[in-house]
Protein chains: 2
Amino acid sequence: MSKRNAILVAATQLFSRNGFQGTSMAQLSRLTDAARGTIFHHFTNKEDLFLNILKNVQENILTAFRHHKETTCYENGMEMVEGVVTFYLSLAGENEDQFLLLHRHYPYQMAETNPAFRSYLEAVYTCLLDIFEEGISIGILDGSVKAESPRNTAMVLFAMVDGVARFNTYNLYQAGSLYQDLITSCRKILAPGS
Amino acid sequence: MSKRNAILVAATQLFSRNGFQGTSMAQLSRLTDAARGTIFHHFTNKEDLFLNILKNVQENILTAFRHHKETTCYENGMEMVEGVVTFYLSLAGENEDQFLLLHRHYPYQMAETNPAFRSYLEAVYTCLLDIFEEGISIGILDGSVKAESPRNTAMVLFAMVDGVARFNTYNLYQAGSLYQDLITSCRKILAPGS
DNA sequence: ATAAAAACCGACCGATCATTCGGTTGGTAT
DNA sequence: ATACCAACCGAATGATCGGTCGGTTTTTAT
């Protein structure tokens, strides 16, 4: 792995666990065995490093979902939504650092003033909401789902799934066993009335 | 208002908007017209200041819900849950800074090592989940709600409500009009099958 | 083999950080 | 009037911060 990549990986870990402002370039230098000057050779400044991490996160998530969509097919819309929810949770489990980064408030704070941050974040959430919405819309056509506004229902659904995932990162309760309840709630939200 | 209180209010604003590590005592001193020494007269250090803020947040939320419970009564469990959801959203709207603080990751990071932080956060979420669970349990008894595990259903429900509230703070989309969809989803999750 | 380019290094810089401390002020009890 | 104490102040401190720069090593292309 190139040193530039090693820096990105280590910085993702540090930024997600200790926060952007809670991470010093000295820490990052120690963790990567790269001199501080080397880090600034690859990235113009600390913020640029963070932006590149966010770019990685965005590409990773978009690629993963594109691949998921191409390699799986479902009987109907309801099954597709359920599959997407399951895939989202497993992806969040495999890439803990990247998702923890998205669960911190700092990226969204940056997005208020820096359009580059905003566009990466928008890309992530637009992608996620689009997939949820697509499953819902398909489900409405094939009769497996009933929803008034597919977009709004997708938002509420995603808020629920992401909320459960985030609740786990709080480490206040062991909420890991909520998967079944989550899926059940999804089905109830989408199910057409008998 | 006492200077100590003014410091607490201003610090809540700064910590929630710029983060704990993104706020300097110099900033806080400027915003409160209090010398830096004065802040350290009232609070032993920056972390102790943050802990006192979290204590305020906890007391505020617990008091608000206790008052809400004492002054309102509902026809059945389903109505109670719906009322609690509505009250939670309005409370979050009135105390933006306090809830934004809870939506940042830093308090939970502190809770990993500092038991005082952990106990305040646990108190908040235990209170919230208890109220959701109570509504669900009452609803099961009066027939307005059906749920397998009241506690787990309460968690999923709360994750959904809080997830929507948080989504608004991202300022990526205008998700403010999700209230109706949220309530609808709540009812669908809890509704007994015809 | 050689030259150009890219990667890498760490001492150094000015700014800023949380915290300390010696001292002043204003109110209150005696 | 005196003594006391909590509230308040701001200059000083040492550590740490992000970032720079001149120079060395490694890689690549010719």
Side-chain angles (χ1 to χ4, degrees), chain A residues 1-56 97 101 104-107 109-114 116-117, chain B residues 1-56 97 101 104-107 109-114 116-117:
Chain A
M1 180 161 54
S2 73
K3 197 142 240 180
R4 191 190 125 100
N5 227 301
I7 293 170
L8 278 170
V9 169
T12 304
Q13 187 184 110
L14 288 175
F15 287 171
S16 67
R17 298 185 189 176
N18 308 328
F20 176 76
Q21 324 214 47
T23 300
S24 72
M25 302 307 273
Q27 266 180 282
L28 185 55
S29 166
R30 251 173 273 134
L31 191 60
T32 54
D33 281 321
R36 298 231 296 288
T38 304
I39 301 175
F40 285 101
H41 168 72
H42 289 291
F43 307 95
T44 61
N45 54 35
K46 200 183 176 187
E47 189 175 312
D48 176 58
L49 169 59
F50 191 51
L51 191 61
N52 275 276
I53 290 176
L54 200 60
K55 184 185 173 186
N56 270 5
D97 286 338
L101 212 66
R104 281 186 171 269
H105 190 73
Y106 195 76
Q109 185 180 321
M110 293 300 296
E112 303 273 339
T113 55
N114 189 326
F117 280 81
Chain B
M1 178 162 54
S2 74
K3 196 142 243 180
R4 191 190 125 101
N5 227 300
I7 292 170
L8 277 170
V9 170
T12 304
Q13 188 184 111
L14 287 176
F15 287 171
S16 67
R17 298 184 189 175
N18 308 327
F20 176 75
Q21 324 217 46
T23 300
S24 73
M25 301 307 271
Q27 265 181 283
L28 185 55
S29 166
R30 250 173 275 135
L31 192 60
T32 54
D33 281 322
R36 300 231 289 284
T38 304
I39 302 175
F40 284 98
H41 168 72
H42 290 290
F43 307 95
T44 61
N45 52 36
K46 199 183 176 186
E47 188 175 314
D48 176 58
L49 169 58
F50 191 52
L51 190 62
N52 275 276
I53 289 176
L54 200 59
K55 183 185 174 190
N56 270 5
D97 286 338
L101 213 66
R104 280 184 171 270
H105 190 75
Y106 195 76
Q109 184 181 322
M110 293 300 296
E112 304 272 340
T113 55
N114 190 324
F117 279 82

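Proteins get letters first, then strands, A, B, ... in listed order; numbering begins at 1 in each.
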* Asked: Rounded to the nearest 0.5 Å, what separation is found between the CZ atom of A:Arg4 and the OG1 atom of A:Thr32?
  -> 13.5 Å

* Near-strand residues of residues 12-36 of chain B, defined as heavy-atom separation under 4.0 angstrom from DNA chain C -> B:Thr23, B:Ser24, B:Met25, B:Arg36

* To do: Can you measure from CG (B:Asn114) to CD (B:Gln109) and round to the nearest 0.5 angstrom?
  => 12.0 Å

* Asked: CD1 of A:Ile7 versus P of C:dA7: gap in Å, rounded?
  -> 11 Å

* Reported OG1-to-CG distance for the pair B:Thr12 and B:Leu8, which is rounded to 0.5 angstrom -> 6.0 Å

* Structure fact -> Output for pair (A:Asn18 CG, A:Arg104 CZ), nearest 0.5 Å, gives 7.0 Å

* Partner residues of B:Tyr106 under the ring-ring contact (aromatic ring centres under 6.0 Å, His included) criterion, sequence neighbours left out -> B:Phe20, B:Phe50

* To do: Using a cut-off of strictly less than 4.0 Å, decide whether B:Lys3 has a side-chain nitrogen or oxygen near OP1 or OP2 of D:dC9.
  => yes

* To do: Please confirm whether the backbone N or O of A:Asp33 pairs with a side-chain atom of A:Lys3, one donor and one acceptor, at under 3.5 Å?
  => yes

* Asked: In Å and rounded to the nearest 0.5 Å, what is the CZ to CD distance from A:Phe117 to A:Glu47?
  -> 5.0 Å

* To do: Would you indicate whether the side-chain heavy atoms of A:Leu28 and A:Leu49 approach each other to under 4.5 Å?
  => yes

* **Contacting residues from residues 40-54 of chain A, given that a heavy atom lies under 4.0 angstrom of DNA chain C** => A:His41, A:His42

* OP1, OP2 of C:dA7 versus side-chain N and O of A:Thr38: anything below 4.0 Å? -> no

